[in-house]
Amino acid sequence: MVLKVYADRMSQPSRAVIIFCKMNGIDYEEIKVHISKGQHLTSEFAEINPMKQLPAIVDGRFKLFESHAILIYLACAFPGVADHWYPADVSRRSRIHSVLDWHHSNLRRGAAPYVFNTTIAPVLGRPLNPQAAAEAETILTSSLSKLESIWLKGNGRFLLGGNQPSIADLSLVCEIMQLEVLDEKDRARLLDPHKKVQQWIENTRNATSPHFDEVHKVLMKAKEQLQYQRLKAAKKPLPSRI
């Protein structure tokens, strides 16, 4: 049976899993679950993932959720996956796990809630939360600094000093890519101080071309729509005081 990938390409971890499948020639069926429509909250989807989050996979009778676990499973279960994605060497593999564990308790805790509470919330009918955004920005800024000072401190093109990407690079870069939907000035304020991070993003994009840009098309479309809405709001005349 063909691997089934339940995903929404607006979801950062969903994009990572899809890019990985494409890069490694893994035959799969993408089943779209639209977060904006609440399709991940249905009882039907709960049969796939009781946590009601994306992505999730079904491989025959085997069901799995959590993107890091999925990436590890795919790297181990499917033939032909290059060793650099998830090395056989235990020490290198463990270092990848350390990055992935750090990701969920740091970078993701900053990036996702910051984007949501500054940009995405109104799209989903939720109010903006400036306090939550400020708290998330502190975590995000710290995480970007740590990426440079710890994970990207050497001369390698990717995390942990390697010259080829791992599943950790793919997962973390897809996380940061969601900053694309921010106001351009806001995005520049957050990312411009981190030149190594910007170069690493570009390295990962090039290493996973053309799939990286193809999978991120939905995010770029959302970016254009949000920019149009901002311009339209800026041109809206002020109400008369008369």
To the nearest 0.5 angstrom, please state how far the CG atom of L219 sits from the CD atom of E224. 10.5 Å
On a heavy-atom basis, the closest approach of Q178 and A111 is NE2-CB, 3.5 Å
With a cut-off of 6.0 Å (strictly less than), are more than 12 heavy atoms of other residues, nucleotides or ligands near NZ of K52? yes
For C174 and R15 the tightest heavy-atom approach is O-NH2, 3.1 Å
Charged N to carboxylate O below 4.0 Å: is that the case for R187 and E180? yes
Spell out, yes or no, whether L128 and V181 are grouped together once hydrophobic residues are joined by side-chain heavy atoms under 4.5 Å, including indirect joins. no
Does a sphere of radius 6.0 Å around CZ in R126 hold more than 12 heavy atoms from other residues, nucleotides or ligands, not counting ones at 6.0 Å or beyond? no
Check step by step if side-chain hydrogen bond (donor to acceptor under 3.5 Å, both in side chains) holds for D8 and S11. CA-CA 5 Å; D8 182 335; S11 151; over 6 Å; no
If you round to the nearest 0.5 Å, how far is CD of Q227 from CG of L182? 10.5 Å
Could you tell me which residues satisfy salt bridge (charged side-chain N to carboxylate O under 4.0 Å, His left out) with R9, sequence neighbours excluded, listed by chain and number? E30, E214
Taking side chain as C-beta onward, heavy atoms only, is H104 less than 4.5 Å from R109? no
Run the side chain to side chain contact (heavy atoms under 4.5 Å, CB included) check on V197 and I176 step by step: do they pass? CA-CA 9 Å; V197 169; I176 295 176; 4.0 Å; yes
Would you say S142's side chain and T138's backbone share a donor-acceptor pair under 3.5 angstrom? no
Can you find a pair of side-chain heavy atoms, one from F212 and one from V173, that are under 4.5 Å apart? yes
Do K63 and I57 come within less than 4.5 Å of each other through their side chains, counting heavy atoms only? no
Which atoms form the tightest heavy-atom contact between S145 and H194, and what is the distance? OG-CE1, 3.4 Å
Under 6.0 Å from the CZ atom of R95, do we count more than 12 heavy atoms belonging to anything else shown? no
Could you pull out the closest heavy-atom pair between P55 and N49, with the gap in Å? O-ND2, 4.4 Å
Near N155 CG, under 6.0 Å, is it more than 12 heavy atoms from other residues, nucleotides or ligands? no
Do we see a donor-acceptor contact under 3.5 Å between the side chains of S166 and D169? yes
Taking the side chain as everything from C-beta on, heavy atoms only, tell me whether L74 gets closer than 4.5 Å to V81. no
F20 and W85 aromatic ring geometry - parallel, tilted or perpendicular at 30°/60° bounds: perpendicular
Spatial distance of atom OG1 (T118) from atom CG (L179) [nearest 0.5 Å]: 9.0 Å
Nearest heavy-atom neighbours spanning S171 and L71: CB-CD1, 4.3 Å
Sort out for me which residue in K223, R189, R230 forms a side chain to side chain donor-acceptor pair (under 3.5 Å) with E184. K223
Is the backbone of M10 close enough, under 3.5 Å, to the side chain of S14 for a donor and an acceptor to pair up by distance? no
Step by step, would you call I19 with H216 a side chain to side chain contact (heavy atoms under 4.5 Å, CB included)? CA-CA 9 Å; I19 292 170; H216 279 88; 3.8 Å; yes
Distance (rounded to the nearest 0.5 Å) between F158 CZ and Q164 CD: 8.0 Å
pair L226-V123: side-chain heavy atoms closer than 4.5 Å: yes
When you check the side-chain N and O atoms of N203 and Q199, is any donor under 3.5 Å from an acceptor? yes
Quick check on the hydrophobic clustering: are F65 and F78 connected, directly or via other members, by side-chain heavy-atom contacts under 4.5 Å? no
Using a 3.5 Å distance criterion without hydrogens, assess whether the side chain of E148 forms a donor-acceptor pair with backbone atoms of K153. no
Which distance, rounded to the nearest 0.5 Å, do you find between the NZ of K4 and the CG of D59? 11.0 Å
Kindly indicate, with the supporting measurements, whether the criterion side chain to side chain contact (heavy atoms under 4.5 Å, CB included) is fulfilled by L124 and S36. CA-CA 6 Å; L124 300 177; S36 62; 3.9 Å; yes
Closest non-hydrogen atom pair, V99 against A168: CG1-CB, 3.9 Å
How far does NZ of K22 sit from OH of Y28, to the nearest 0.5 angstrom? 3.5 Å
Less than 4.5 Å apart, any side-chain heavy atom of I96 and any of L159? no
Hey, does R205 have a side-chain heavy atom less than 4.5 Å from the side chain of M177? yes
Quick check on the hydrophobic clustering: are Y228 and V115 connected, directly or via other members, by side-chain heavy-atom contacts under 4.5 Å? no
Spell out, yes or no, whether L160 and V90 are grouped together once hydrophobic residues are joined by side-chain heavy atoms under 4.5 Å, including indirect joins. no
Just wondering, do L147 and W102 contact through their side chains at under 4.5 Å, heavy atoms? yes
Determine whether V5 and I167 fall in the same hydrophobic cluster, where Ile, Leu, Val, Met, Phe, Trp and Tyr are linked whenever their side-chain heavy atoms lie under 4.5 Å apart. yes
Start with the C-alpha distance between I139 and E137, add both sets of side-chain angles, then the distance that settles side chain to side chain contact (heavy atoms under 4.5 Å, CB included), and finish with yes or no. CA-CA 5 Å; I139 299 172; E137 181 177 348; over 6 Å; no
Do H103 and E175 have a side chain donor and acceptor closer than 3.5 Å? yes
Taking everything shown except K221 itself, do over 12 heavy atoms lie less than 6.0 Å from its NZ? no
For the backbone of F45 and the side chain of T42, can you confirm whether one donor and one acceptor N or O come within less than 3.5 Å of each other? yes
Hey, are Y73 and H68 close enough side-chain-wise for a donor-acceptor pair under 3.5 Å? no
Is it true that atom NZ of K185 has more than 12 heavy atoms of other residues, nucleotides or ligands lying nearer than 6.0 Å? no
